[in-house]
Every structure is written in structure tokens, then in C-alpha cells.
Amino acid sequence: MNDLVSRNDASALNPNILNGQVAQIAQTVRGSDFYFAICAVMGTVAFGTLAAASRKPRTDRIFFYITAALNFTACIAYFTMGSNLGWAPIEVEFQRSDPRVSGLYRQVMYARYVDWVVTTPLLLMDLLLTCAMPWPTIIWIIFIDEVMIITGLIGALVSSRYKFGFFAFGCVAMFYIFWELAITGRKHAKALGADVNKVYTGCGVLTLFIWLLYPIAWGVSEGGNVIAPDSEAVFYGVLDFCAKPIFSILLIVGHWGISPSRLGLSIQEFGHTTPDASNNKEGRSWHEATGAQGNFDAEKQGHNDSGSSTADATGVNAANNTRVNNRASNASTAVPANAHSAHTTGFAPAHEGTTVEGHHTDVSRL
Ligand code: RET
């Protein structure tokens with residue numbers, strides 16, 4: 001019966017001591033409970049996302065898998081922190097008299113940064129693929145994101161005031177990402193149509209607002225030793241809850257009616273016909289189902305049914321369009337009916353087409 005009684009013995013089994021050094025400023029059972037609660041939420045959202053993915057054809061699951069992966073990662077990170085693991089005792093720069101933060105060594109949760117180093121690029125991919133950002137820019141933004149997280153980690157592990165030097169690098173990196181999301185990304189999203197723009201703007205505004213609060217949490221926790229580790233758990237926990245589960249739900253709901261092929265993410269299973277769920281109940285081939293070649297031909301003749309072409313909106317010139325179209329044409333492949341993003345990305349969705357058992361295959365952007 002005792003085993004059924006709720007209890008949390010994490011800090012008894014994994015005490016606040018590492019390599020002989022005690023962290024006097026450490027979480028209590030309340031902080032640990034909170035971490036476990038968020039762990040459960042992340043796990044639930046991850047499984048929920050996978051369940052939702054199973055209702056879509058494999059070719060259309062890219063956003064589901066990215067989103068499930070980031071929630072699973074956070075689930076494990078929160079399990080680690082709830083277990084009073086994944087931390088290092090770091091000498092504080094500012095010693096405080098407040099009993100909740102008094103002492104010389106503070107528990108710094110490096111597991112948090114291991115989580116972020118994996119999950120923030122996934123969050124950015126969710127956003128940047130939504131607005132069909134060209135992949136070289138995606139890689140560049142993810143690099144800057146890694147700079148932000150790693151400088152934050154190093155700053156947290158440094159005891160002297162040099163920690164704020166690293167913090168400053170991290171802030172510059174974050175504002176650069178904000179600029180790319182708010183200016184470049186928005187331009188791309190607008191050109192892709194009202195529905196795509198709505199998902200991008202909703203998830204993007206949430207991201208900008210929530211991400212802005214992370215350096216504040218850092219400043220009062222690892223940086224300035226102002227709030228106790230339990231409060232740190234709640235501060236970061238609420239931010240992570242908004243940045244991951246809430247973001248994930250908004251994104252998945254928003255993407256439900258948007259085919260990835262519209263974003264230049266057309267993927268085909270080799271040797272397969274398009275499955276029923278992608279509006280192809282008769283099991284026809286992808287080309288037959290989408291009428292892609294017909295639309296592609298129309299585009300070549302200068303017809304564009306979108307009203308405002310991505311090329312115009314993003315400043316990609318006509319010569320580029322011709323070049324992209326010719327490449328696609330030479331490879332005897334097709335552009336999906338509504339894949340205007342081919343122009344945006346400078347990457348014709350099917351530019352390396354080959355033939356497998358008589359079917360054309362197309363290559364996805366990533
Ligand atoms: C740090 C400290 C260094 C300066 C800056 C930071 C920003 C961190 C951010 C983290 C976002 C994490 C997310 C996690 C998802 O669950 C590293 C705290 C600017 C923005 C979104």
C-alpha cells in the first residue's frame with residue numbers, strides 16, 4: 001500500500017552533492033514535483049502528436065515528426081531535472097543573504113541546455129519550413145541558435161563576471177534570430193497565402209514573446225542568483241510549456257489543412273502511388289492526381305493562379321524563375337499545382353527526378 005502513496009524521493013536518492021561538492025542553493029521536492037509534472041505534459045503532447053500523425057500519409061508527416069521529437073526530448077530533460085540530475089554545483093558571483101538563495105554553490109541545470117540545443121533548432125525548423133525559407137538560410141539561423149544556447153550554457157557554468165560576456169553573445173544571437181523570423185520569414189509566409197501566413201504569424205508571435213523572457217529567467221537564476229532553484233523551475237517550466245506544448249498544438253492544428261507540398265516539401269514514397277488520405281482516393285499516380293505537369297506547363301507560359309506570386313513578393317527575379325523552371329523541365333519532372341515556394345526556395349521541388357518502375361520521383365527540399 002505504501003508503494004501506492006504518492007512520494008518523491010528524488011533528492012534522497014540523488015542528493016545535492018556532486019564530486020564531493022555540496023550545492024547549498026538547490027531545488028526542493030516542490031521544484032522536483034513541478035519538473036515531473038511538466039515531464040508528463042511534454043510526453044502526453046509528444047504521443048498526441050504521433051497519434052495525429054498516424055491520420056496523415058507518411059509523405060505529409062514532416063511537421064508532426066519534428067514536433068513530436070521536440071516534445072519527447074523535453075520530456076526526457078524534465079525527467080532528468082525532476083530526478084535531481086543533470087546539474088553542476090557552480091560558485092555564485094553574487095552571494096545573497098535571503099535564506100532561499102544563500103550559500104556559495106548553486107545548482108545549475110545543464111540538462112536544460114542539452115534539451116534546448118536539440119529542441120530550439122527543431123522549433124525553428126517548424127517555423128522556417130512553414131514559411132518555406134530557403135534551406136541555406138535555415139542552416140545559418142540554426143547555427144546562430146546554437147551559438148545562443150551554447151553561450152548561455154557556458155555563461156551559466158562560469159563563476160566570474162565573465163559569465164555576462166557570454167550572456168551578451170547569446171542576446172545578440174537571439175535578436176538576430178528575431179529579425180530573421182519577423183522580417184524575412186514573414187515576407188515568405190505572406191507570399192504563400194493567408195492560411196500559411198496565419199499559422200506562421202500565430203506561432204511566430206508566440207515564439208518571439210516567449211523567447212524574449214528566457215534571458216530574463218537566466219538573469220535572475222544562473223546569472224544573478226536572485227530567485228531560488230524552485231522558482232527557477234517554475235519560471236523556465238512555464239516558458240517551456242508555452243514554447244513547446246502550446247506552440248506544438250497551434251502548429252499542428254494550423255498545418256492540418258496545409259499540404260507540405262505547398263511549402264516545397266513534396267515527398268513521395270518510392271514506387272508508391274499517392275495514398276488515399278492525400279485526396280487521391282483512386283490510388284492514381286502523384287502526377288495524375290495533382291495534374292502537376294499541366295500546372296507546371298501553365299506556369300512556364302506565365303500563368304499564375306495565386307494572384308501574387310512568391311517570386312514577386314520575395315524579389316526573386318524572372319530570370320531566376322526561368323532558370324528554375326528549365327532545370328525542372330530538363331529533368332522531366334513536375335511542380336505541384338500550388339508549389340509557388342519553388343521560386344522562393346530557388347529549389348524546384350522535383351529537380352532531380354528519376355524514374356522508378358515507371359513512376360517519376362521527386363526530391364524533397366530537406
Ligand atoms: C539564454 C542565455 C543567454 C542569452 C539568451 C538565452 C536565450 C535562450 C532562449 C531559449 C529558448 C528555449 C526554448 C526552449 C523550448 O522549450 C541561453 C537563456 C538570449 C531563447 C524555446
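Just so you know, these numbers come straight off a predicted model, no measurement behind them. Indexing begins at 1, ligand by ligand and atom by atom, following the structure's order.
Residue Trp218 holds the heavy atom nearest to atom 18 (C) of ligand 1 of all those in Trp218, Phe175, Phe167.
Ring pair Phe175/Trp211: centre-to-centre distance not below 6.0 Å.
Listed by number with element, the atoms of ligand 1 under 4.0 Å from a non-hydrogen atom of Asp240 are 14 (C), 15 (C), 16 (O). Residue Gly170 approaches ligand 1 through these ligand atoms, each under 4.0 Å from one of its heavy atoms: 4 (C), 19 (C). Interface atoms of ligand 1 facing Gly152, defined by a heavy-atom separation under 4.0 Å, are 2 (C), 3 (C), 17 (C).
For the pair Thr120 and ligand 1, a heavy-atom separation below 4.0 Å is found.
Residue, atom and distance of the protein heavy atom nearest to atom 8 (C) of ligand 1 are Tyr214 CB, 3.6 Å. Regarding atom 6 (C) of ligand 1, its nearest protein heavy-atom neighbour is Met148 CG, 4.2 Å. Scanning all protein heavy atoms for the shortest distance to atom 16 (O) of ligand 1 gives Lys244 NZ, 2.6 Å. Atom 21 (C) of ligand 1 has its closest protein heavy atom at Trp211 NE1, 3.1 Å.
The aromatic rings of Phe166 and Phe169 are tilted relative to each other, their planes meeting at an angle between 30° and 60°.
Between the Gln107 side chain and the Gln27 main chain, a donor and an acceptor come within less than 3.5 Å of each other.
Polar contact with ligand 1: absent for Tyr113 (N/O pair, distance under 3.5 Å).
A donor-acceptor contact closer than 3.5 angstrom is absent between the side chains of Ser83 and Asn14.
Under the side chain to side chain donor-acceptor pair (under 3.5 Å) criterion, the residue pairs touching residues 162-176 are Trp140-Tyr176, Tyr176-Glu180, with sequence neighbours excluded.
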